[in-house]
Amino acid sequence: MKRVMSPGVLKQPPESVENPETVAANALPQSVLTIDIGTVNTRACLFEIRAGKYRFIGSASDRTTHLNHERSEFVGIAAAVRKLEKNVKKRILDADGNFILPMATDFSGIDQAAASYTCIADPAIAIFGLSEAGSLPALRSLCARLGTTPILECALDDGYSTAKQLDRLTAAAPRIIVFAGGTENGARRAVYRIGETILLYCKSLTREQRPLLLFLGNSETRVEIERVFAKISDIAFGSNVMETEPGDEPALNCLLKTIRKDASLRAPGFETLRKQTNASFIPGEFAFGRSVRLLSRLIRKHQVVLGVNIGADRTLIAQAMDLRLKLKTVPIGLGKTLPGILSETDAESIRAHIDFQIRTGEIRDYILNKSLYPELVPANRYAAEIEIALKEELIRIALFRSGFLSLPPSGRLSAVLLTGSGLRNVEDPGASLRAAMNAIRPYGAIDYLLDMNGLAAVIGTVMHVNPKLAADIMDSSTYLNLGKVIRPRVLDRSLWTRKNAAPMRISIQNTGGDKKEYLIPFGEIYRIPLNYGQNYRLEWLSIPRGVDTPGIQPFLPFGFKSGSFGLIFDLRGERGTDKKDDRAAEIERLRLEKKQLGDWRIGEGGRLDG
């Protein structure tokens, strides 16, 4: 039967028909640049579409130039990009140092840019609500989603007079004031009273000193508030925080925009980058939280992901379950804020993690030197061990300060993500694994993941502007799987000391059907080397009485994917249950544990390694 074609339709041979996936890929930005402006270093990463998916092309870093009076932040950004150009052999900046955008026909330049920053101190945010039981907790929760703790909280019913509220605002000197109150069609006069107090405070300052304002209250009062504040200070408006559903983002986006505006005022180089690339900026804390939240979506329901990020100025800790995120910032890092660690712990406790003889005074000297020169890397293994000990204490402090101490014993923890320059820049990834295992010590079966390429910040940064890039990165083994660590709860403490105590007995089977049995002794770290990335099945053969397995069903086999350290059983004693060791015994124990964990070599030969 002869086919009749419609007028104006050109018949094409089948081989010339474009693949729909290729068409969709061509519609996306072909080359994406992400920039992470840290306290010490600025890092640039390049991603480009290859075969319909974004691929990580390369990265480079240079010193951050924030707070350098002679050079703006853009100088450090350009320096990092110049290094990136050499690494990937692609031109991104023109001869004048400006970004080439969009990508040219000779493939120079980029199509899209996004940036995150941690070089700016936490925004000094004051929140002002109608009541301590209503709008104030809602505002506090909103700030917590960004990992920010308000420096001042005020409410009309907190018992302070207007004069006292003014004194508190003056003493706190916030850069941003977020105020709210009343549900829709609700309170109006009380909201105006909040506005009057803030108005009096703003009028007591010069125009340059006045804070940015954000109103997230009853929309019926917006017209009057805008009329009063329009000529007084910079004010923005968002949806009522009291009417926002848990999954809604409008109020959060408005707060982000206000924080971004404050950051641009404090870092003029940000504005230069924005004008050249139209890049959106988000705080690094928020980007990190987003990555942890996304990771929680990829694991089993009702299981928790814990993220730890150690930077130069702060330590971030986040836990997420079923896309619900809790994010905390601890203002102590491995840079200028490091001396603050001694207000949370002592040098003796830090020394307890170091496997060689050292005086506590030397540890204090190292802390001071590191705070003055945070960019210096450990010169030898002794300095490296001191830094690992400091990281272990920082993780422990962050767990305590964040209120997450109930998580490790619960058995609900499924994965730990280790990221940030403090944990990434190590010669041996096993050092970061040891620090996390010793500091967190969770019960259950936990995967430890290390962000070797610093892509956690990238995922959180691009998620809102290029979701496909975030998805493609997550699909390409973003993080180094250090291994699965199983730690049962030992209720019978004599199992740690009895020489004839029956060990745990398990079997492991690989995808080829090879099976091998193992006896797991108590009181030590027991590592089973396995092939990296291969799937295995673990079966419990016998578990002695007095041993509990939180989060694990011992009567059922379970599958897992091996990491670079294979499978690890942590059957060491609880902290504080053993008698106090002398220093020599303590050093011997630390060296033995390091030997038991071993190197981070990957099992070879496609077999079960014993």
Side-chain angles (χ1 to χ4, degrees), residues 123-146 148 150-245 248-266:
I125 298 178
I127 57 176
F128 209 136
L130 197 61
S131 66
E132 291 186 317
S135 50
L136 199 62
L139 291 173
R140 188 186 303 124
S141 176
L142 185 67
C143 292
R145 293 182 64 184
L146 298 177
T148 299
I151 61 170
L152 179 65
E153 298 183 1
C154 301
L156 280 185
D157 63 353
D158 59 10
Y160 291 106
S161 64
T162 300
K164 185 63 177 177
Q165 297 284 30
L166 288 172
D167 289 342
R168 296 177 71 206
L169 284 167
T170 302
R175 295 187 60 87
I176 298 172
I177 298 179
V178 185
F179 62 110
T183 57
E184 293 301 300
N185 303 315
R188 299 179 67 174
R189 286 189 178 181
V191 175
Y192 294 147
R193 284 181 57 195
I194 296 175
E196 288 174 2
T197 303
I198 296 174
L199 179 64
L200 290 171
Y201 171 67
C202 288
K203 284 189 171 182
S204 69
L205 304 172
T206 64
R207 180 79 186 187
E208 293 74 19
Q209 294 174 319
R210 291 171 187 170
L212 301 176
L213 305 178
L214 175 62
F215 178 66
L216 301 174
N218 185 353
S219 60
E220 291 184 345
T221 62
R222 172 174 175 170
V223 174
E224 184 64 18
I225 289 176
E226 188 172 13
R227 182 187 66 81
V228 171
F229 282 100
K231 296 182 179 179
I232 299 297
S233 186
D234 194 316
I235 186 167
F237 297 87
S239 59
N240 192 337
V241 72
M242 294 294 291
E243 303 288 341
T244 301
E245 295 294 330
D248 290 346
E249 300 290 322
L252 180 66
N253 289 336
C254 290
L255 180 56
L256 271 173
K257 288 179 182 178
T258 304
I259 291 176
R260 199 152 47 219
K261 187 166 189 175
D262 174 66
S264 295
L265 294 173
R266 299 159 73 181

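As the structure is a computational prediction, the values presented were derived from the model and not from experiment.
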Distance check, rounded to the nearest 0.5 Å: Ser264 atom OG versus Ile259 atom CD1? 12.0 Å
On a heavy-atom basis, the closest approach of Ala190 and Leu130 is CB-CD1, 3.1 Å
From Tyr160 OH over to Arg168 CZ, what is the distance, rounded to the nearest 0.5 angstrom? 4.5 Å
Give me the one residue out of Leu216, Leu212, Leu213 that meets side-chain contact (heavy atoms from CB on, under 4.5 Å) with Val178. Leu216
Please give me the minimum heavy-atom distance between Pro174 and Pro211, naming the atom from each residue. O-CB, 3.4 Å
Measure across Ala155 and Ser131 and return the closest heavy-atom pair with its distance rounded to 0.1 Å. CB-C, 4.0 Å
Could you name each residue pair satisfying ring-ring contact (aromatic ring centres under 6.0 Å, His included) that touches residues 198-222, not counting sequence neighbours? Phe179-Phe215
Nearest 0.5 angstrom please: Arg140 CZ to Ile127 CD1, how far? 5.5 Å
Of all the heavy-atom pairs spanning Arg210 and Ser233, show the shortest one and how long it is. CB-OG, 4.0 Å
Here the pair of heavy atoms bringing Ala180 nearest to Ile194 is O-CD1, 3.6 Å
Heavy-atom closest contact (Thr258 atom, Ala236 atom, distance): OG1-CB, 4.4 Å
Can you find a pair of side-chain heavy atoms, one from Lys261 and one from Leu214, that are under 4.5 Å apart? no
What I'd like to find out is whether the side chain of Ile125 reaches to under 4.5 Å of the side chain of Cys143, using heavy atoms alone. yes
Leu146 vs Leu252 side-chain heavy atoms within contact, under 4.5 Å: yes
Mind checking the CG-OG1 spacing from Leu205 to Thr170? Nearest 0.5 Å is all I need. 7.0 Å
Tell me if the CZ atom of Phe229 is crowded by more than 12 foreign heavy atoms within 6.0 Å. yes
Inter-residue atom distance Ile225.CD1 - Arg227.CZ, 0.5 Å rounding: 11.0 Å
Distance check, rounded to the nearest 0.5 Å: Leu166 atom CG versus Lys203 atom NZ? 12.5 Å
Crowding at CZ, Arg207 (>12 non-hydrogen neighbours, <6.0 Å): yes
Please confirm whether the backbone N or O of Glu132 pairs with a side-chain atom of Asp158, one donor and one acceptor, at under 3.5 Å? no
Kindly indicate, with the supporting measurements, whether the criterion side-chain contact (heavy atoms from CB on, under 4.5 Å) is fulfilled by Ile198 and Cys202. CA-CA 6 Å; Ile198 296 174; Cys202 288; 4.1 Å; yes
What do the steps show when you test Arg193 against Thr197 for side-chain contact (heavy atoms from CB on, under 4.5 Å), and what is the final call? CA-CA 6 Å; Arg193 284 181 57 195; Thr197 303; 5.8 Å; no
